[in-house]
Protein chains: 2
Amino acid sequence: MSGTERVPKYERLRRRLTDHIDRLPADSPLPTERELTTRYGVSRATVRQALDALEAAGLVYRVQGAGTFVAEQTVSKTLSLTSFSEDMRRKGLVPDSRVLVADETPADEHSGGRLRLSPGTPLIRLVRVRLADSAPMCLETTYLVAERVPGLLDLELTGSIYQVLAERYGVNLVRADQAVRSVAAGEEQAALLGLAPRAPALRMERVAYDERGSAVESTVSLYRADRYEIRFTIHREAT
Amino acid sequence: MSGTERVPKYERLRRRLTDHIDRLPADSPLPTERELTTRYGVSRATVRQALDALEAAGLVYRVQGAGTFVAEQTVSKTLSLTSFSEDMRRKGLVPDSRVLVADETPADEHSGGRLRLSPGTPLIRLVRVRLADSAPMCLETTYLVAERVPGLLDLELTGSIYQVLAERYGVNLVRADQAVRSVAAGEEQAALLGLAPRAPALRMERVAYDERGSAVESTVSLYRADRYEIRFTIHREAT
DNA sequence: GAGTGGTCTAGACCACCAC
DNA sequence: TGGTGGTCTAGACCACTCA
């Protein structure tokens, strides 16, 4: 890693504007696109590319014929694809894991079906109790396509798997389909999570894909309802 | 409504390409940007604007130096801001409502806090049992800023409120912050939903905003866990 | 009517991939 | 090395808002 990082102009402009916006009250007008053009010495297309990103992030809103304005602050951000570790750190908690199972197993209809694999395809299976600040937060069963992550079981598995996938295997998970349900924890599950039997839990099912749309990871997470909630921002579709 | 609708070129191109893509297998290469330029008689910037939308929707992926390709089909779409009625119709169910409460009430810390209003501000309150195919699906308490929807209580409230807001009041909800939890239904709630007491339920809290980022609606929904789950696609953030 | 954001063009150079 | 997508420019016209 050398110190040179290629950062496009529109990205640099976006960051400068983000810092600027954070210090402005809601509904403050931003400079006009043409003024930003001269102020930062870039073309209007570049300015618009930066503003497009800010608008998509919900930081500003634009009114044709009037201008661009600071939006009221959103409580949360768009829900993004993160690993458990990243998620917890973002919340200010210290993540950890207790590995219950780590082995290789052929795909059956359950695990392979979600990954759209034929039965028998080798999968890495991880069953972990995920801890936050040393207390159980969630019970997680993960399947990974073994072919994509050779030797994974020989590694430390306490940190962020997504980071390992990216750095060691060049596998970048960019998209995931999720399904969220409310369930009553089973006896065994409740015991592992430190809950009373039949206590409510949040069940999250996820299939994550790489850039090309190939399924790589399938995870079922069971979160303690008293410790976890999902927060996110959604938008109205145009179509 | 006259028949003339202004549709930008990039939008027309996006639709044409969407239709085209639907008939291609995954990983098929699309024509190059420069070829689309000549084929459709538009500039490359316009082509890229159309492709940007397709990429954001997860229909294609781009590899620098190689080309643009059809992505594998995603099961579900990005979670978008919809009303209960729209949500149910999309699932092929018939929505209906049983209104329990419909009145005007001053904001207190609970209701006003989420909407970021000062206590005392008039609010419209709706408590409804929402039905899908004539069976209880969810128990919903909605607060609307009364000033934005004068006379709402005189209207039929069985249909889509979002449609009423847009068509009658020009209020377009474009963004919402949501929080999802798993809870055990209380006795009264369980009775209204046709559940056993302490049965698991999905609790969804939502605050919806208009284009300018002003909070307009605050809703708490309690869904029957055995009938409802949330499905959505999420993406990895660049930053 | 002056000024704003929305759309569109024609052209250029760069980084990257595959042959 | 040739072609691809990624970035950027300078300029134009349109639709819309607001005084």
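These values consider heavy atoms only, across backbone and side chains, with no hydrogens, waters or symmetry-generated copies. The chains referred to below are lettered A, B, ... by the order of the sequence lines, with proteins before strands, and numbering in each begins at 1.
- Toward the 5' end of DNA chain D, the nearer of the two residues A:Pro8 and A:Val63, judged by each one's closest nucleotide, is A:Pro8.
- Side chain of B:Thr68, nearest nucleotide from D:dG5, C:dT7, D:dC8: D:dG5.
- Comparing D:dT7, C:dG5, D:dG6 against the side chain of B:Gln64 picks out D:dG6 as the nearest.
- Within 6.0 Å of CZ in A:Arg16 there are 12 or fewer heavy atoms belonging to other residues, nucleotides or ligands.
- Side chain of A:Tyr169 to backbone of A:Leu152: a donor-acceptor contact under 3.5 angstrom is found.
- For B:Arg48 and C:dC14, the CZ to C1' distance is 13 Å, given to the nearest whole Å.
- Rounding to whole angstrom units, CZ of residue A:Arg44 and C1' of D:dG11 are separated by 11 Å.
- For the OP1/OP2 pair of C:dG11 and a distance below 4.0 Å, the side-chain nitrogens and oxygens of B:Ser43 include no atom meeting the criterion.
- Checked for salt-bridge contact, A:Arg14 and A:Glu11 meet the test: a charged N lies under 4.0 Å from a carboxylate O.
- Among the atoms of the strands shown, base atoms are found under 4.0 Å from some heavy atom of B:Ala45.
- Taking atom OH on A:Tyr10 and atom P on D:dC8, their separation rounds to 7 Å, with Å as the unit.
- Nearest-nucleotide positions on DNA chain D place A:Lys9 closer to the 5' end than the other of A:Gly65 and A:Lys9.
- The CD atom of A:Glu55 lies 12.5 Å from the CZ atom of A:Phe69; values are rounded to the nearest 0.5 Å.
- D:dG6 atom P lies 15 Å from atom CD of A:Glu11, rounded to whole Å.
- When each of C:dG5, D:dT7, D:dG5 is scored by its nearest atom to the side-chain atoms of B:Arg62, the top-ranked nucleotide is D:dG5.
- Here the P atom of nucleotide D:dT4 and the CZ atom of B:Phe69 are 11 Å apart, to the nearest Å.
- Judged by distance alone with a 3.5 Å cut-off, a donor-acceptor contact links the side chain of B:Arg34 to the base of D:dG5.
- The neighbour count for A:Glu104 CD, taken as heavy atoms of other residues, nucleotides or ligands under 6.0 Å away, is above 12.
- Taking a pair as Watson-Crick or G-U wobble with both distances under 3.5 Å, the runs of three or more consecutive pairs in DNA chain C are C:1-18 with D:1-18.
- Within the 3.5 Å criterion, the main-chain N or O of A:Val7 finds a donor-acceptor partner in the side chain of A:Arg12.
- Salt bridge present: A:Asp87 and A:Lys91 bring a charged side-chain N and a carboxylate O closer than 4.0 Å.
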